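Take a look at the structure set out below.
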Amino acid sequence: MSKLDPLPGLSPYPLQHFFDEMYADKRNVRPHYRHVNRMFSGMSSEELQGKQNLMQRRMMEEGITFTLYNPAQDHPMERTIPFDMIPRIIPKNEWERLEAGIIQRITALNLFIHDIYHEQYIVKDGIVPRRMIISNCYFRPEMTGLRVPGGAYITTSGIDLIRHHDGQYYVLEDNLRTPSGFSYLFKGRTLMNQLFPELSFASSIRDVDHSLNRFLSVLRSLSPSRKSDPVIALLTPGEYNSAYYEHAFLAQQMGIHLVEGRDLVAKDHKIYLKEMNGLRRVDVLYRRLDDDFIDPLAFQPDSLLGVAGLMNAYRAGNVAIANAPGTGVADDKAMYVYVPDMIRYYLNEEPILGNVPTYLLGRPDERLYVLENLSEMVVKETSLSGGYGMLIGSEATKEELAEFRMKIIADPERYIAQPIMSLSRAPVLSGGTMAPRHIDLRAFVLMGADRKPHVIPGGLTRVAMKEGSLVVNSSQGGGVKDTWVMA
């Protein structure tokens with residue numbers, strides 16, 4: 001018997017008041033985890049460490065990396081993303097509810113984005129304040145009245161979910177601009193199948209590989225030319241981007257072109273790929289850089305990453321851009337507060353998945369409450385992501401709390417606050433033993449011209465690798481797990 005789990009089914013760590021994904025209580029493993037628990041409990045510490053070393057070696061050989069940027073360091077640090085070998089498992093009935101709630105949410109958000117760039121009914125009916133739209137840094141007046149291919153603004157999205165100590169799932173964030181993490185989902189499953197074939201193949205779990213074909217079909221469906229084999233390109237900022245591995249992986253797996261702005265040219269309101277034997281027209285551009293940088297003639301004039309004239313080609317209906325410019329207006333952290341109202345307004349349904357309680361600090365009474373309870377709050381800048389510009393009150397020093405207090409008072413509209421939620425925990429392998437770490441779930445959604453969202457089964461479980469930490473973002477040192485949905 002290994003030191004991992006002295007008695008099969010007995011939790012090797014204190015459960016405290018958090019919801020634990022594997023253990024129902026100190027003496028009982030949840031039914032859907034029994035097979036996984038039994039297998040890992042039967043392995044010695046040496047075997048587990050060997051598997052972990054092999055996993056890291058495979059990731060290094062295949063270049064599965066993520067670049068960390070630290071202001072205290074002169075140069076960014078490229079590293080393999082921490083991958084934990086104990087999968088996170090979601091039962092079938094639990095996933096079906098999550099899937100329905102995510103589809104409902106994305107459907108409403110897509111309708112909202114179309115509405116604010118056209119009739120703005122939701123503003124006229126007083127559901128969302130006009131100032132929330134026009135003051136939003138991601139609102140693009142250039143998109144007003146534009147026809148988007150297939151009406152699909154949100155081709156790809158990443159919905160972040162947490163499970164609270166009450167066992168219920170809550171939506172934490174909607175990532176609708178250029179969500180990342182797809183490659184870790186697909187490669188994580190491949191590595192698990194290679195290292196633990198007897199485990200993954202003996203378990204009845206939903207496949208994820210077919211979702212790559214769905215991804216390609218979704219991009220093809222957006223082509224304005226209606227060609228049977230449209231030319232699709234993934235626009236990357238380049239090899240120094242933190243998610244460049246993912247860009248290269250997706251382009252290679254889907255058989256599409258991986259390009260930088262300098263590889264493209266606009267001519268006669270069309271976009272062309274520069275090739276050795278001439279120019280080749282591009283039908284669909286899956287961009288992995290923000291609006292500001294995609295076209296220096298339309299947005300940030302000093303951008304060297306985009307394509308001059310891209311927006312003119314887009315307006316002319318000669319190229320599709322996924323995700324559509326201007327989608328960021330709906331994933332602003334202040335707009336998140338209104339998503340349940342959007343669902344009621346556009347779909348006439350009650351939200352299946354709830355939001356985390358959120359305070360808009362532009363509202364005087366909510367700001368006062370947050371300032372009085374700052375040590376119990378998570379405060380976020382509305383326009384930032386990746387764990388940047390964030391305060392976790394319980395982990396902050398007196399100096400950090402005082403500094404954030406001054407920031408809020410100086411510019412309250414810039415921030416939202418949420419109570420510190422008790423993120424569920426799952427076991428990770430640490431030094432040959434199980435140790436609890438907090439997790440969340442990024443569920444990925446694909447939507448093409450038919451506007452029928454497809455949720456990739458399982459998504460990506462993100463792990464706060466530091467003991468006690470609630471920060472799961474890869475950009476802040478977080479890791480990932482393979483996520484299994486029981487078939």
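All figures in this text were calculated on a predicted structure; none of them were measured in a lab.
Remark: K333 fails to qualify as a cation-pi partner of Y336 under the 6.0 Å distance and 45° angle criteria applied to the six-membered ring. Seen from the ring of F19, R30 counts as a face-on cation partner, given the 6.0 Å and 45° thresholds.
With respect to Y272, the side-chain contact (heavy atoms from CB on, under 4.5 Å) criterion is satisfied by exactly one of V319, V231, L279: L279.
A donor-acceptor pair under 3.5 Å links the side-chain atoms of E246 to the main chain of G181, judged by distance alone. Without hydrogens or angle criteria, E467 side chain to P436 main chain gives no donor-acceptor distance under 3.5 Å. Checking side-chain atoms of D160 against main-chain N and O of N175 turns up no donor-acceptor pair under 3.5 Å. Using a distance-only test at 3.5 Å, with no hydrogens or angles considered, a donor-acceptor pair links the side chain of T483 to the main chain of T461. At distances below 3.5 Å, at least one donor-acceptor pair connects side-chain atoms of Q104 with backbone N or O atoms of I352. Side-chain N or O atoms of T190 include one that pairs as donor or acceptor with a backbone N or O of F186 at under 3.5 Å. With hydrogens and angles ignored, the 3.5 Å screen pairs a side-chain donor or acceptor of S221 with a backbone N or O of V218. At distances below 3.5 Å, at least one donor-acceptor pair connects side-chain atoms of H164 with backbone N or O atoms of S422.
Distance check, rounded to the nearest 0.5 Å: OG1 of T178 to CD1 of I294 gives 11.0 Å. Atoms CD and CD1, from E99 and I456 in turn, are 11.5 Å apart once rounded to the nearest 0.5 Å. Of the inter-residue distances, the one linking I256 atom CD1 with L234 atom CG reads 5.0 Å to the nearest 0.5 angstrom.
For R163 and S424, the side-chain atoms include no donor-acceptor pair closer than 3.5 Å. D20 and Y13 form a side-chain donor-acceptor contact under 3.5 Å, judged by distance and modelled atom types alone. Side-chain contact annotation: D331 with Y138, donor-acceptor N/O pair under 3.5 Å absent.
By the 6.0 Å contact criterion, NZ on K92 is open, its count of non-hydrogen atoms from other residues, nucleotides or ligands being 12 or less. For CG of L15, the number of neighbouring non-hydrogen atoms (other residues, nucleotides, ligands) closer than 6.0 Å is greater than 12.
In plain terms, the two heavy atoms of V171 and D174 that are nearest each other are CG1-OD1, 3.9 Å. Taking both residues in full, the closest heavy atoms of D440 and R88 are given as O-NH1, 3.6 Å, listed atom of the first, atom of the second, then distance.
At a threshold of 4.0 Å, the pair E403-K407 counts as salt-bridged, since one of the basic side-chain nitrogens sits closer than that to a carboxylate oxygen. Remark: D84 does not engage R437 in a salt bridge, criterion side-chain N to carboxylate O under 4.0 Å.
The aromatic rings of F182 and F215 sit tilted, their planes meeting at an angle between 30° and 60°.
In this structure the side chain of V208 never reaches within 4.5 angstrom of the side chain of F444, judged on heavy atoms.
Within the structure, the salt bridge (charged side-chain N to carboxylate O under 4.0 Å, His left out) test picks out the following pairs touching residues 187-204 (sequence neighbours left out): E62-K187, R189-D482.
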message: Could you go through R34 and R38, starting from their C-alpha distance and side-chain angles, then the distance that decides it, and tell me whether this counts as side chain to side chain contact (heavy atoms under 4.5 Å, CB included)?
response: CA-CA 6 Å; R34 284 173 184 159; R38 190 179 304 117; 4.1 Å; yes
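Ring to ring, F40 and F196 are close: their centroids are under 6.0 angstrom apart.
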